[in-house]
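Only one structure is covered here, and it is reproduced in the block below.
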Amino acid sequence: MVQELRNVDEIIDKYQCDKSALIQILLEIQDKKHWLPKHALMWISERLKVPMIQILHIASFYKAFSLEPRGEHLVRVCLGTACHVRGGQRVLEVAERVLGIKAGETTRDLKFTLESVNCLGCCALGPVIVVDDEYHGKVAPSKVGDILASYTR
Amino acid sequence: MKKLKSSSDLENLRKEILSKRDPKKMCITLCSGTGCRAYASEKVNIAFQDEIKKQKLGKEVDIRRTGCHGFCEKGPIVVIYPEEICYLQVKPEDVFDILSQTIKEGKIIERLLYTNPGTGEKIIHESEIPFYKNQKRLVFGNNRKIDPKSIDDYIALNGYTALSKALLELTPEQVIEEVKKANLRGRGGGGFPTGRKWETTRNAPAAPKYVIVNCDEGDPGAYMDRSLMEGNPHSVLEGLVIGAYAIGSHEGFIYVRQEYPLAVENTEIAIKQAEEYGFLGEDILGSGFNFKVKIHRGAGAFVSGESSALVSAIEGKVGEPKPKYIHTAVKGLWNKPTCLNNVETWANVPLIINNGADWYRSMGTEGSKGTKIFSLVGKVNNTGLVEVPMGMTLRSIIYDIGGGIPNGKKFKAIQTGGPSGGCIPEQFLDLPIDFDELTKVGSMMGSGGMIVMDGDTCMVDIARYFTNFLADESCGKCIPCREGLRHMLKILNNITGGKATEEDIKRLEDLTEVVRDGSLCALGGTAPNPVISTLKYFRDEYEAHIKEKRCPALVCKELIIYYIDPEKCQACGLCVKNCPTGAIYGKKKIVHIINQEKCIKCGTCFDVCPDKFSAVLRLSGEPAPPDVPRETRIKSKERR
């Protein structure tokens, strides 16, 4: 934990302990850890002199943050309008069934976190699934299982 | 790199860059926007690099990875200059042929060319493909010619000359006058005159003043801001610095949506390069003007695209909107005058300064000048980003550029303006597109998303989809938006679920008025638009759902059933194999039937049933016919 807080310190120092950089600091921690552990938030509160309640408000308001541990792979199913009219919802339903969790949840083995997103900006490829940073376009519902299985190896 | 201190320094640099380039040398440009990356353009790039080394072609050909070309449907896109040979849907396996045939021998590879679906004719040059031919790519056009990570590429195409002209030849007032005269209207969707906004910020009595690039682009179905920011970040930066000079601001922010990592990466590089050359920082181009800019990454909240919410987010707070008794232009970031414009708006500025307001005004309609980038998506053949002069008709955009509706289906509606917009039916296909005309028919320009829908789209479901999206994204600060949208969604869910009564339409209409008139910010104020417009133009669909418990487009899950036509079923077993719940019975040579109790209506059977059989049917508003008795289900040659 000491090492972890040291990493948090490095990020805070990078932004010169600037209060207005709070969201940027949280984003960097989220990128590194995939979630925001409480002790890290308390430390940020201490150093930036921002009340914990404000940090929790931000951490729960924005979709990018998670206050709970997330899976190794982040699966995002696009439900933007272009994907929606091409059956994105069904792709999500299949993903939910394959992983045995609902959107927003993490599998018990911490392998996958499933999320729906409102447009990833590659509408020509709809329906789209993004696993970590890898885009899968024109996904037929019947292909979802194969795509997800390729990440369990 | 030595900082540039005058316009002649810039001119000399440009000449130097050009002198190092041989215009006759072949250059392979490969689209590396997010769309093409999703089509594995990265693998194509690696294949090119390897193969160029292997075939020792490094002296004959350059390779350049560019931003998004717009024709995302056909990615990855490769254009070979100087002849402008355009290859589409290029795979790593094609690379060998491209190098050994086209580059070495000048031969065209037929299979990679665009084929006109109507005539079967093959088209060699990019500019002759109908998708591009009918566009006017002023803002977006350079995307295909430059590597977004190379400032030299931008300078080679006269980049930063507008900045030099504005800073060294014009007064701030003259810059504002030019933008006002050009009648540039905000491309983020509001359509507010940009010059007037600049003037308000400039004249606001407080200091310091701030400028902001809004790259939040949360509208589902729109991605032009992302493609510009990723593909040509310098054009946005140049516009921003010009605006800052005109307004008298020395500090700016670029707010980029969390979902756009490549835009952040390319903009970071662009800022660093611009600082090195002296287009940012102290004493820009020797003019005495100072300006710095920072990137602020969003954290995923649709409402943060709204100006007052975006300002809060940059301050490090929760991105909720504030009541706008006073405009952001007067009291914005840290309560100081702040000018916030969309990516595309800023990118238009260098064009206006370079070519003059009169040139700019020569394009477009009476009320809306210049061009607009639209993202043409959904049920349309040529999906992608298109830039057209204001005033082009919807029909031209959908049919001449978009190539019409796939599989010869019929056009049903086009949804413009994102969740704040509305659905436009067929009767308005000849509507010339501009800010005012779209508002007249109950939709809006918005950021420029255009989602084409065919007969397979249920309009009630679309209204429900947008309301669900907005209820989800409502920040919850004001009651009409928070509670109103939630109730509208409940009613819409009841309608699509076959549980609504006729009074529900009236209730829904009442709610749309409350939410529209009572909400604090534009998210709530425009949120009812998708419902209002679909109720106006597609009321019969709402009624079919309520009165007949039928979804005419066969979309709404609760109102449809899947049924296998025993006459058409060839008993191939594909649907049995793929059904996730084991709801289909049947064996080889025994016609299949669906157990309606077990069926979860996922539609897998419908998808996997081969087109030539089309045995799986979707029915709505009628019960499934009784199952045929087992003895008649045996498929034998005699029976056929």
Side-chain angles (χ1 to χ4, degrees), chain A residues 15 18-28 30-31 48 50 54-55 57-65 76 78-90 93-94 97-98 115-126 128-130 133-138 140-142 145, chain B residues 33-35 37-39 71-73 75 217-223 226-227 257-261 296-302 304 313-320 375 377-379 383-384 415 418-419 449 451-453 456-457 462 465-466 469 472-473 475 578 580 600 602-604 607-608:
Chain A
Y15 290 95
D18 177 7
K19 256 185 211 180
S20 65
L22 176 59
I23 295 171
Q24 306 306 302
I25 293 169
L26 295 180
L27 277 171
E28 291 213 9
Q30 175 76 40
D31 284 350
L48 294 189
V50 176
Q54 196 183 324
I55 296 182
H57 190 186
I58 286 173
S60 54
F61 180 84
Y62 291 106
K63 287 210 174 71
F65 302 126
R76 293 186 289 174
C78 184
L79 293 183
T81 326
C83 289
H84 178 80
V85 300
R86 291 185 182 179
Q89 183 62 39
R90 280 178 41 215
E93 282 162 20
V94 176
R97 212 165 50 229
V98 170
E115 274 184 358
S116 66
V117 286
N118 295 317
C119 195
L120 291 161
C122 42
C123 309
L125 305 167
V128 176
I129 291 188
V130 181
D133 287 323
E134 212 174 332
Y135 287 72
H136 302 270
K138 300 204 168 157
S142 52
Chain B
T34 299
R37 279 179 184 226
Y39 278 134
F71 200 6
C72 307
E73 184 74 35
E217 197 172 48
D219 279 12
Y223 62 107
R226 195 209 67 201
S227 295
R257 209 179 155 216
Q258 190 247 343
E259 288 85 347
Y260 291 175
H296 182 102
R297 282 162 70 201
F302 178 69
S304 290
I314 293 182
E315 289 171 359
K317 298 184 198 139
V318 164
E320 283 174 349
S375 111
V377 299
K379 304 287 185 66
T383 306
Q415 208 277 348
I451 295 115
V452 183
M453 297 166 191
D456 293 339
T457 317
I462 287 297
Y465 167 80
F466 280 113
F469 171 82
D472 206 33
E473 295 286 356
C475 76
N578 283 291
I600 55 165
C602 64
T604 306
D607 290 338
V608 297

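Quick note on labels: first sequence line is chain A, next is B, and so on, each numbered from 1. A quick note: this is a predicted structure, and the numbers were derived from the prediction, not measured. The figures that follow rest on heavy atoms only: side chains count, while hydrogens, waters and symmetry mates do not.
Between the side chain of A:R76 and the backbone N or O of A:V117 there is no donor-acceptor pair closer than 3.5 Å.
Heavy atoms closer than 4.5 Å to chain A are found in the side chain of B:Q258, but not in its backbone. With a threshold of 4.5 angstrom between heavy atoms, B:S227 does not approach chain A through any atom at all. Only the backbone of B:D219 has a heavy atom closer than 4.5 Å to any heavy atom of chain A. With a 4.5 angstrom heavy-atom cutoff, B:R37 does not touch chain A via any of its atoms. Proximity to chain A (any heavy atom under 4.5 Å) is restricted, for B:Y260, to the side chain, taken from C-beta onward. Contacts of B:F466 with chain A are made by side-chain atoms alone, with heavy-atom separations under 4.5 Å and no backbone atom involved.
Contact detail for B:G316 and A:Q54: the closest heavy-atom pair is O-NE2, 4.4 Å.
Between chain A and the options B:K379, B:R226, B:M453, B:E320, the largest number of non-hydrogen pairs under 4.5 Å is found for B:R226. For the options A:V130, A:D18, A:L26, A:I58, heavy-atom pairs under 4.5 Å to chain B are most numerous at A:I58. When each of B:I314, B:V608, B:D607 is checked for heavy-atom pairs under 4.5 Å with chain A, B:D607 comes out on top. With chain B as partner, the option from A:C122, A:G80, A:G87 having the largest number of non-hydrogen pairs under 4.5 angstrom is A:G80. Listed options B:V318, B:T383, B:V377, B:I600 were ranked by heavy-atom pairs under 4.5 angstrom with chain A; first place goes to B:V318. Counting heavy-atom pairs closer than 4.5 Å to chain B, the top residue among A:L125, A:V50, A:L22 is A:L125. Of the listed residues A:V94, A:D133, A:V128, A:L27, the one with more heavy-atom pairs under 4.5 angstrom with chain B than any other is A:L27. Of the listed residues (A:R86, A:Q24, A:R97), the one with the most heavy-atom contacts under 4.5 Å to chain B is A:Q24. Among the candidates B:G319, B:A301, B:G218, the residue making the largest number of heavy-atom pairs closer than 4.5 Å to chain A is B:G319. In terms of heavy-atom pairs under 4.5 angstrom with chain A, the leader among B:R257, B:E217, B:E259, B:Q415 is B:R257. Among the candidates B:F469, B:Y223, B:Y465, the residue making the largest number of heavy-atom pairs closer than 4.5 Å to chain A is B:Y465. Your options are A:A64, A:A82, A:G145, A:A21, and the one with the most heavy-atom pairs under 4.5 Å with chain B is A:A64.
One finds the CD atom of B:E73 at 4.0 Å from the NZ atom of A:K138 (value rounded to the nearest 0.5 Å). Considering OG1 of B:T457 and CD1 of B:I462, their distance stands at 6.0 Å, rounded to 0.5 Å. To the nearest 0.5 Å, the span separating CD on A:Q89 from SG on B:C602 amounts to 13.0 Å. Note that CG of A:D31 and CZ of B:R297 are 4.5 Å apart. Values are rounded to the nearest 0.5 Å. For the atom pair B:D472 CG and A:K63 NZ, the distance stands at 5.0 Å (nearest 0.5 Å). To the nearest 0.5 Å, atoms SG (A:C119) and NE2 (A:H84) are separated by 13.5 Å.
A:Y62 and A:F65 have perpendicular rings, their planes meeting at more than 60° on a 0 to 90° scale where under 30° would count as parallel.
By the side-chain hydrogen bond (donor to acceptor under 3.5 Å, both in side chains) test, A:Q30 pairs with no residue at all, sequence neighbours left out. In terms of the ring-ring contact (aromatic ring centres under 6.0 Å, His included) criterion, B:Y39 has no residue partners (sequence neighbours excluded).
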